[in-house]
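Beneath this line is the structure, given in structure tokens, with notes to follow.
All ligand and atom numbering here is 1-based and tracks the order in the structure. Here, residue 1 is the first one in the sequence, and each next residue gets the next number.
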Amino acid sequence: MARPTSVYICQSCGAQTRQFFGRCPSCGDWNSIIEQSFSSREQRLSPQKNSSELPSPRRSEEIASYIENKELKRLETGYKELDRVLGGGLVPGSLVLVGGNPGIGKSTLLLQAATSMAQKRSVLYVSAEESAQQVKLRWQRLHSTKSNLRLLAETDLDFILEEIEALKPSLAIIDSIQALHDANLSSTPGSVAQVRECSAILQRLAKKQGTALMLVGHVTKEGMLAGPKVLEHLVDAVLTFEGDRFASHRLLRAVKNRYGATHELGVFEMRGKGLFEITNPSEIFLSGESASGVATIVAYEGTRSFVVEMQGLVSATTYSSPRRTATGVGNNRLHQIIAVIEKHMSLGLSRYDCYLAVAGGLEVEEPAADLGIAAALVSSYKNLVIPSRTVLIGELGLGGQLRSVTQLEQRLQEATRLGFERAVIPKNSGLASCISKTSLKVLEASSITEALVMALDIDRELINS
Ligand code: TYD
Ligand code: MG
């Protein structure tokens, strides 16, 4: 009789069975049993006794000197936007998951990065979804230069492991992890068991031989990465590639990074010849039009600030309860800001529908955008245009007060660089020296009403009427 190659383990109680059950016979939990293989690969990939990786517990001072000596050497991908999101480049032996909706450009991004890195190092691109012919066609479309990139169109895990072991590349790309298949498991490719097992085995090999590994993971219908987030805690970094399918720019973010800061944002544009880096993102988030309902803020993401436009529309409602819809800003934030406007500016917005959108499909989470959101809504409600070349920065307190924000100096510098003329900021932000240096006309306000009077450049009586 053939020996079973896998075991079924309950994720709730840890019980092991030799066959699959929908309900654990031990603890009674439903859908908690997951298949796991116990192949001979385990032994092959386990670290050797005399490996240089901390073999036994060490004293803390020993560890400190060990770490100092072993300074992280990061690999540059050739794309500054990608390197920045990774925290300064790829760390050898690290496992990076790149997630995103189908068709957003993950394969294009990784193929471009692989080609660029392959000019100096050995890089293996494993295409599990597309045939070698398809990848070659795409590659030819994107590049005219020669490169020694190795391409492998394969879905079988054993074959891929052998290839990575033989080639020992600096970077291996797996496109996508959901298409890989471990023959020791009976479940289908893309199932939780397969995704988890394949990634764990690949990770062990990558760490052992210092190969950086980038995995592509599709976002499932529920909006999660590679099934029920099975990979997120396993990998060293999770990058998401997002963007409006109908707009050409794409945003790359780190949602988890063991080797760098998260909240860093990389901006690309999809053109006829692949993805291009956008080093000055303010360009794409700014239309330069002046109309009622348009307010400009300076957002700060990661280590960079850039100017973004907010668009508000306030119109009399025909519904029994008015509509409040926001794109790029949380709906709860919109509700809160509308409540502050109603209470502290005495504007009756309860009979109006309020819509808000951030230009360019960007998500703005930071509170420094509050004043801009309020200004966009009030400007639309009053049908007044905020004079162009004005930026609004500030967090709104529930009492209608304007609070100071982080990185104000950098935000003002960015506005100055882009030729803005006026900035409305919170009072007492302790920036007297910086303000005197800038060519911006800086207006300091302590409340929402004061800030909007300044922004719209109108008399105070007009704002509350
Ligand atoms: P792709 O990288 O295949 O997406 P993913 O791997 O995330 O599923 O890219 C898909 C889209 O990108 C496709 O609809 C066509 C578009 N595209 C361009 O506009 N220009 C290009 O040069 C390339 C290669 C793709
Ligand atoms: Mg793809």
Side-chain angles (χ1 to χ4, degrees), residues 77-79 81-82 85-86 95-118 123-147 149-157 160 171-181 189-190 194-195 198-199 202 213-227 229 231-232 235 237-255 265-278 284 360-361 363:
T77 60
Y79 287 87
E81 295 290 293
L82 176 59
V85 176
L86 285 167
L95 186 62
V96 179
L97 175 68
V98 182
N101 287 321
I104 205 76
K106 302 180 292 296
S107 305
T108 311
L109 174 71
L110 294 185
L111 188 62
Q112 285 183 224
T115 311
S116 148
M117 274 188 78
V123 180
L124 176 70
Y125 184 98
V126 181
S127 171
E129 284 182 356
E130 294 169 79
S131 69
Q133 188 64 22
Q134 280 171 307
V135 180
K136 192 171 163 224
L137 279 178
R138 184 202 298 249
W139 187 83
Q140 278 173 342
R141 204 146 75 88
L142 298 175
H143 304 279
S144 48
T145 52
K146 279 208 158 127
S147 155
L149 172 72
R150 299 289 188 105
L151 177 66
L152 175 70
E154 182 58 60
T155 57
D156 187 80
L157 180 67
I160 295 169
L171 167 68
I173 291 170
I174 313 284
D175 185 2
S176 69
I177 189 68
Q178 275 117 331
L180 286 204
H181 180 245
Q194 286 280 4
V195 166
C198 291
S199 323
L202 280 166
L213 204 59
M214 294 184 92
L215 308 177
V216 171
H218 291 294
V219 172
T220 56
K221 270 190 226 134
E222 295 79 35
M224 290 179 176
L225 277 178
K229 291 213 169 202
L231 286 184
E232 283 204 16
V235 300
V238 181
L239 311 187
T240 59
F241 203 37
E242 52 199 49
D244 193 337
R245 279 190 85 135
F246 306 103
S248 59
H249 60 267
R250 303 279 183 267
L251 308 174
L252 185 71
R253 284 172 195 281
V255 283
L265 183 75
V267 187
F268 292 88
E269 186 175 352
M270 181 66 95
R271 299 193 193 145
K273 271 193 145 221
L275 285 161
F276 286 78
E277 296 178 282
I278 305 286
I284 57 169
E363 299 260 333

Under 4.0 Å between heavy atoms, the region of Met270 that gets near ligand 1 turns out to be side chain
Restricting to heavy atoms, the pick from Ser176, Gly99, Gly103 nearest atom 10 (C) of ligand 1 would be Gly103
Ignoring hydrogens and geometry beyond distance, is a side-chain donor-acceptor pair present between Tyr79 and Glu277 at under 3.5 Å?
no
Distance-only N or O hit between ligand 1 and Glu130, under 3.5 Å: no
The answer for which part of Arg138 has a heavy atom under 4.0 Å from ligand 1 is side chain
Donor-acceptor pair, side chain of Ser199 and main chain of Val195, under 3.5 angstrom: yes
| message | With a 4.0 Å cut-off on heavy atoms, is Gly100 in contact with ligand 1? | response | no
Take Glu81 and Val267, measure what side chain to side chain contact (heavy atoms under 4.5 Å, CB included) needs, and give me the verdict at the end. CA-CA 7 Å; Glu81 295 290 293; Val267 187; 4.1 Å; yes
**Report entry** Under 3.5 Å donor-acceptor, Lys106 side chain and Gly100 backbone
**Finding:** yes
Ligand 1 to Gly272, heavy atom cutoff 4.0 Å, flagged ligand atoms 20 (N), 21 (C), 22 (O)
Query - salt_bridge(Glu363, Arg253) N-O dist < 4.0 Å - result: no
* Under 3.5 Å between some N or O of ligand 1 and some N or O of Lys106? -> yes
Open item on the list: Strictly distance-based, threshold 3.5 Å: is any side-chain N or O of Gln178 a donor or acceptor partner for the main-chain N or O of His218?
Closed with: yes
Leu97 and Val216 have their tightest heavy-atom pair at CD1-C, 4.4 Å
Report for the Mg ion (ligand 2), protein N, O or S closer than 2.8 Å, by chain and number, lists Ser107 OG
Looking only at non-hydrogen atoms, the one of Glu129, Lys273, Arg271 nearest atom 20 (N) of ligand 1 is Arg271
Between Leu252 and Leu265, does the side chain to side chain contact (heavy atoms under 4.5 Å, CB included) criterion hold? Intermediate values first, please. CA-CA 6 Å; Leu252 185 71; Leu265 183 75; over 6 Å; no
Within 4.0 Å of some non-hydrogen atom of Thr108, the atoms of ligand 1 are 1 (P), 2 (O), 9 (O), 24 (C)
Closest non-hydrogen atoms of Glu130 and Ser107, given as atom of the first, atom of the second and distance, are OE2-OG, 3.9 Å
After noting the C-alpha distance and the side-chain angles of Leu152 and Tyr125, does the key distance pass the side chain to side chain contact (heavy atoms under 4.5 Å, CB included) rule?
CA-CA 6 Å; Leu152 175 70; Tyr125 184 98; over 6 Å; no
*Do Arg250 and Phe268 meet the cation-pi criteria used here (NZ or CZ under 6.0 Å from the six-membered ring centre, within 45° of the axis)?*
no
Going by the 4.0 angstrom heavy-atom rule, the piece of Pro102 near ligand 1 is backbone
